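Structure first, then comments.
Source: prediction; values computed, not measured. Computation of the quantities below employed the complete heavy-atom set of this structure, encompassing side-chain atoms and omitting hydrogens, waters and symmetry-equivalent molecules.
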Amino acid sequence: MRTLLLALALTAAPAFAQNAAAPNPQIDYPAFQALTASVAPARAERLVAFDAFKAEAAKPGTLLLDARSKDAFQRGHIKGAVNLPLTDFTAESLAAVIGANPDRPILIYCNNNFSNHKSPVPLKSAPLALNIQTFINLVGYGYPNVLELADVVDFNDPKVEWVTG
């Protein structure tokens, strides 16, 4: 059923687009596609294993950024993480959290880095994992020094240093 609906939507899209108003100049899908393609090779090189991730997090000046919702963050996160939900990313909000140095090391993780698959880290569809959008957005806003947790860990493992509240 889902496949049929998707097929119908895709075949109807060109006809609908012909009748639509002029494109919104504040939304640039081709530029997003280009950004995504340009970020892919860098992202592949910036996936780090858990031990390296934790070692980087311990370095002075490194930011551990949790881009999940404020509610999910409050229900649990890795110790030392700072929360800025992806939906709140703007040039101004990122600068306020990251600071003046665009080359500051930034570590990211998301729900799909945890094997628990329950609140506050329910499993997301793999192509829609928050790490992907977070990485693309950070680089797109001019922060090239992003490292992403590559591993799947259990938040009950003491090495994760999971905290609530």
Side-chain angles (χ1 to χ4, degrees), residues 2 27-165:
R2 194 180 313 166
I27 299 172
D28 190 343
Y29 189 70
F32 174 78
Q33 289 176 305
L35 174 63
T36 300
S38 71
V39 166
R43 183 176 170 268
E45 296 174 359
R46 299 196 148 272
L47 297 168
V48 295
F50 177 73
D51 290 338
F53 186 87
K54 289 296 284 186
E56 281 295 320
K59 292 180 180 178
T62 298
L63 175 66
L64 179 54
L65 181 65
D66 187 320
R68 296 175 305 132
S69 70
K70 181 179 177 182
D71 180 60
F73 180 82
Q74 288 176 340
R75 286 184 278 134
H77 57 272
I78 296 175
K79 181 180 176 182
V82 173
N83 181 233
L84 179 62
L86 178 65
T87 56
D88 293 340
F89 278 22
T90 63
E92 295 79 15
S93 67
L94 286 165
V97 170
I98 297 168
N101 180 6
D103 292 317
R104 180 181 187 184
I106 304 168
L107 302 174
I108 62 171
Y109 65 92
C110 77
N111 291 8
N112 288 29
N113 288 119
F114 298 96
S115 60
N116 307 84
H117 308 311
K118 63 181 182 182
S119 179
V121 289
L123 186 65
K124 303 278 187 174
S125 173
L128 302 174
L130 186 59
N131 280 352
I132 297 168
Q133 294 94 339
T134 301
F135 196 100
I136 293 166
N137 272 261
L138 287 168
V139 172
Y141 274 107
Y143 299 97
N145 200 6
V146 181
L147 297 172
E148 178 183 332
L149 178 58
D151 294 338
V152 176
V153 297
D154 180 338
F155 64 59
N156 294 309
D157 183 335
K159 291 187 286 186
V160 172
E161 297 185 276
W162 191 255
V163 297
T164 56

Side chain to side chain contact (heavy atoms under 4.5 Å, CB included) between Leu94 and Leu84, worked out: CA-CA 8 Å; Leu94 286 165; Leu84 179 62; 3.7 Å; yes
Start with the C-alpha distance between Asn112 and Asn131, add both sets of side-chain angles, then the distance that settles side chain to side chain contact (heavy atoms under 4.5 Å, CB included), and finish with yes or no. CA-CA 8 Å; Asn112 288 29; Asn131 280 352; over 6 Å; no
Please walk me through it: do Phe155 and Val121 pass side chain to side chain contact (heavy atoms under 4.5 Å, CB included)? CA-CA 9 Å; Phe155 64 59; Val121 289; 3.5 Å; yes
Assess whether side chain to side chain contact (heavy atoms under 4.5 Å, CB included) is satisfied between Asn113 and Val152, documenting all intermediate values. CA-CA 4 Å; Asn113 288 119; Val152 176; 5.6 Å; no
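Looking at Leu147 and Ile106, their side chains never come closer than 4.5 Å, going by heavy atoms from C-beta outward. At least one side-chain heavy atom of Phe114 sits under 4.5 Å from a side-chain heavy atom of Ile78. Taking 4.5 Å as the limit, every side-chain heavy atom of Pro85 sits out of range of all side-chain heavy atoms of Arg68. Proximity of Asn83 to Lys70: side-chain heavy atoms (C-beta onward) are separated by under 4.5 Å at one or more points. Under the 4.5 Å side-chain criterion, counting only non-hydrogen atoms from C-beta, Ile136 is in contact with Leu35.
Atom CD in Gln133 sits 9.5 Å away from atom NZ in Lys124 (nearest 0.5 Å). Between Leu65 atom CG and His77 atom NE2 the span is 12.0 Å, to the nearest 0.5 Å. Separating the OH atom in Tyr143 from the CZ atom in Phe89 is a distance of 10.0 Å, to the nearest 0.5 Å. Once rounded to the nearest 0.5 Å, the distance linking CD1 of Ile98 with OH of Tyr141 reads 11.0 Å. Separation of atoms CG (Asn116) and CG (Leu123) is listed at 11.0 Å; rounding is to 0.5 Å.
Shown here are the side-chain hydrogen bond (donor to acceptor under 3.5 Å, both in side chains) partners of Thr36, two or more places apart in sequence or in another chain: there are none. Judged as a side-chain hydrogen bond (donor to acceptor under 3.5 Å, both in side chains), and not counting sequence neighbours, the contacts of Arg75 are Asp71, Ser119. Qualifying side-chain hydrogen bond (donor to acceptor under 3.5 Å, both in side chains) partners for Glu56, counting only residues two or more places apart in sequence or in other chains: Lys59. Taking Asp103 as the reference, nothing meets the side-chain hydrogen bond (donor to acceptor under 3.5 Å, both in side chains) condition, with sequence neighbours excluded.
For residues 44-55, the side chain to side chain donor-acceptor pair (under 3.5 Å) pairs, not counting sequence neighbours, are Arg46-Asn145, Lys54-Glu161. Among residue pairs with one or both ends in residues 137-160, those qualifying as salt bridge (charged side-chain N to carboxylate O under 4.0 Å, His left out) are Arg43-Glu148; sequence neighbours excluded.
A donor-acceptor distance shorter than 3.5 angstrom exists from the side chain of Arg104 to the backbone of Gly61, with no hydrogens or angles considered. Remark: side-chain polar atoms of Asn111 are paired, donor with acceptor, to backbone N or O of Pro122 under 3.5 angstrom. Using a distance-only test at 3.5 Å, with no hydrogens or angles considered, no donor-acceptor pair links the side chain of Thr62 to the main chain of Pro105.
Residues Trp162 and Pro120 approach most closely at CZ2-CG, 3.7 Å, considering heavy atoms. Minimum interatomic distance between Pro102 and Ala100 (heavy atoms only, all atoms of both residues): CD-O, 3.0 Å.
When each of Val139, Asn137, Leu138, Ile132 is tested with Val39 by the rule side-chain contact (heavy atoms from CB on, under 4.5 Å), just one qualifies, namely Val139. In summary, of the residues considered (Asn101, Leu107, Val97), a side-chain contact (heavy atoms from CB on, under 4.5 Å) with Leu63 occurs for Val97 alone.
Of the N and O atoms on the side chains of Tyr109 and Asp66, at least one donor lies less than 3.5 Å from an acceptor on the other residue.
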